[in-house]
There are 2 protein chains.
Amino acid sequence: MSGWQPVRRTRAFEDVIARIEERIAGDGLTVGDRLPGERQLAEQLQVSRSSVREAMRVLETLGVVSSQVGRGPDAGAVLTARPAGALTDLLRFHLGLASLSLEEVIDARLMIEQWSAARAAGHGADLSALSDALERMDRAATAEDFVEHDTAFHVAIAEASGNRLIAAMMRSLRDSVRRYAIEAVERLGDTGGLMTDHHLIRQAIASGNPSEASAAVETHLRRAYPDIFRAPVTSGPPGADDRGRGEDQARSEDRGRADG
Amino acid sequence: MSGWQPVRRTRAFEDVIARIEERIAGDGLTVGDRLPGERQLAEQLQVSRSSVREAMRVLETLGVVSSQVGRGPDAGAVLTARPAGALTDLLRFHLGLASLSLEEVIDARLMIEQWSAARAAGHGADLSALSDALERMDRAATAEDFVEHDTAFHVAIAEASGNRLIAAMMRSLRDSVRRYAIEAVERLGDTGGLMTDHHLIRQAIASGNPSEASAAVETHLRRAYPDIFRAPVTSGPPGADDRGRGEDQARSEDRGRADG
DNA sequence: GACCACAGTATGGTCTGACCATATCGAGTC
DNA sequence: GACTCGATATGGTCAGACCATACTGTGGTC
């Protein structure tokens with residue numbers, strides 16, 4: 001009687017999630033469809049309404065459903081497609097927990113943005129969103145305002161790549177580090193250099209030059225985050241020495257906090 | 001009396017999440033720390049235990065806490081750092097909902113993997129995990145087995161880049177398309193070509209040649225997913241014509257999956 | 001003293017039933 | 001036709017109970 005695998009206890013709400021996922025993947029359900037009400041779902045799946053609600057919270061967190069109170073066609077739980085919100089929350093929390101560092105996030109942003117810019121330059125993409133964002137940045141009065149339209153500019157680049165996953169990642173990366181971006185702009189004081197970069201990026205994409213677009217993006221991020229890109233980015237990421245462990249090994253014995 | 005912004009109703013569990021996030025970001029809590037019990041938290045925050053539980057489900061989904069029943073040091077809700085699990089669920093659901101296509105996911109994987117391989121080649125990374133995975137792939141009897149160690153190989157490349165966010169993304173991308181990867185291997189029949197690619201990738205990284213590593217990765221993915229990379233990847237992503245819309249506009253009219 | 005059996009207890013997991021807030025629907029009225 | 005107002009269906013919240021689990025401490029046994 002040994003060697004038995006400790007069967008992972010399945011919780012009721014996990015069953016509910018699995019059943020809903022079955023319906024989505026198996027047949028039928030797609031974005032815009034409504035799920036049964038919580039009470040009805042509870043009765044159908046023979047669980048309590050509490051368990052159904054916990055399942056709904058999970059699905060809502062994943063950006064898969066959206067719940068509306070009241071009555072009518074829009075009420076209830078509706079299948080949606082909002083991957084970016086979940087990613088943003090995830091990044092924000094894990095930045096706070098220091099299970100991700102700002103360096104890693106900015107570094108990932110450089111990867112995504114270089115790739116997006118090169119991809120956008122490779123095919124004739126609609127760049128009107130870029131131009132709009134540039135104009136709005138010119139008229140921005142505060143750092144918050146500037147960063148808002150700056151984010152729109154960079155997200156537009158990712159969207160111009162044509163890959164929605166990449167675009168969602170870009171949006172989340174920007175949203176999760178919003179306050180750091182505002183600090184960076186305030187620290188720089190003058191946004192003239194950033195705007196010069198922006199126009200160079202736009203021109204490179206418009207003229208269909210992928211490598212030039214990629215280079216312009218790198219120049220831009222180096223200017224915005226000089227502290228993070230002290231060393232050449234192509235010769236090693238920040239803190240590459242003690243990494244490479246599985247994510248589950250992070251435990252309290254090896255945490256080193258900066259505060260007192 | 002017009003122009004009022006419809007104040008977004010705050011739900012009780014959202015308050016709970018916000019309070020916990022405050023504690024994390026503000027001061028104190030890091031990975032390994034325990035949160036108060038659900039009953040205690042409910043009393044402290046003046047909400048019902050149900051609301052606390054819904055908040056816990058959200059945090060658990062984001063990979064921020066892990067709940068254990070029973071008693072003792074490990075019981076209760078403990079702060080963790082598991083970003084990959086949340087990403088995997090997110091990708092799986094949104095693939096099912098067709099708010100993301102397999103093409104986009106594979107495309108993102110190419111981006112991440114080329115970047116990781118180049119980065120790993122740029123600095124002397126520990127490649128023993130790569131060698132282990134290669135050996136295990138040689139001994140694999142089934143497609144499932146092969147894909148498992150193949151995933152380990154490619155995740156190890158991402159981990160060798162030193163960026164935990166990138167590594168988490170790689171792991172999630174692979175886990176979420178696991179069944180497609182198995183299908184691809186079964187369709188290929190012979191894994192000899194894939195293994196040749198693997199050794200070339202490893203050699204390029206070991207010899208510190210970033211561009212060669214990047215090229216080897218592209219060759220590999222083109223072999224594994226010939227249908228997806230019909231056109232040269234540098235000249236435009238799949239389905240780039242009708243994209244670039246906001247994520248919320250994704251509707252069912254434009255989904256096109258690759259499998260049968 | 002070392003070991004073991006068992007009651008105690010704190011934890012999350014689940015269920016029930018109730019009530020509230022909101023938004024639509026629909027019958028009735030002007 | 002336009003308006004009023006109750007009926008109703010929905011999610012949101014709460015209180016209280018019970019269960020399963022797993023550690024803790026106590027006391028007995030050897």
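Small disclaimer: the values here were computed from a predicted structure and weren't measured. Within every chain, numbering begins at 1; the chains are lettered A, B, ... in the order of the sequence lines, protein sequences first and strands thereafter.
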Give, ordered by number, those residues of residues 48-63 of chain B having at least one heavy-atom distance below 4.0 Å to an atom of DNA chain D; if nothing qualifies, reply none.
-> B:Ser48, B:Arg49, B:Ser50, B:Ser51
Base, backbone or nothing for each nucleotide of nucleotides 2-9 of chain D, written B, S, -, heavy atoms under 4.0 angstrom, 5' to 3'?
-> ------BB
SB check A:Arg171 A:Glu159 (cutoff 4.0 Å) = yes
Below 4.0 angstrom, N of the basic side chain to O of the carboxylate: do B:Glu104 and B:Arg109 qualify?
-> no
Which residues satisfy the salt bridge (charged side-chain N to carboxylate O under 4.0 Å, His left out) test with A:Arg92, sequence neighbours excluded?
-> A:Asp89, B:Glu21
Calculate, to the nearest 0.5 Å, the distance between atoms [atom1] and [atom2] belonging to [X] and [Y] respectively.
X        : Y        : atom1 : atom2 : value
A:Met170 : A:Leu165 : CE    : CG    : 13.5 Å
A:Arg82  : A:Thr88  : CZ    : OG1   : 11.0 Å
B:Ser101 : B:His94  : OG    : NE2   : 13.5 Å
A:Glu54  : A:Glu14  : CD    : CD    : 10.0 Å
A:Ile17  : B:Arg57  : CD1   : CZ    : 9.0 Å

Whichever of B:Val47 and B:Gly72 has its nearest DNA chain D nucleotide further upstream toward 5' | B:Val47
Interatomic distance, B:Gln46 CD vs D:dT13 P [rounded to whole Å] = 15 Å
When rounded to whole Å, the CD to C1' distance for the pair B:Glu38 and D:dC14 reads 15 Å
Scan B:Ala75 against the nucleic acid and name what it touches under 4.0 Å (heavy atoms): base, sugar-phosphate only, or nothing.
-> nothing
Determine which pairs satisfy salt bridge (charged side-chain N to carboxylate O under 4.0 Å, His left out) with at least one residue from residues 146-156 of chain A, sequence neighbours left out, and list them in order.
-> A:Asp150-A:Arg174
Where each residue is assigned the nucleotide of DNA chain C containing its nearest heavy atom, which of A:Val69 and A:Pro73 is assigned the position nearer the 5′ end?
-> A:Val69
Segment of DNA chain C, first to last nucleotide, that comes within the 4.0 Å heavy-atom reach of chain B | C:dG8 to C:dT14
In terms of heavy-atom contacts, does CG of B:Asp132 have more than 12 from other residues, nucleotides or ligands at under 6.0 Å?
-> yes
Mind checking side chain to side chain contact (heavy atoms under 4.5 Å, CB included) for B:Ala75 and listing every partner two or more places apart, or none if nothing turns up?
-> none
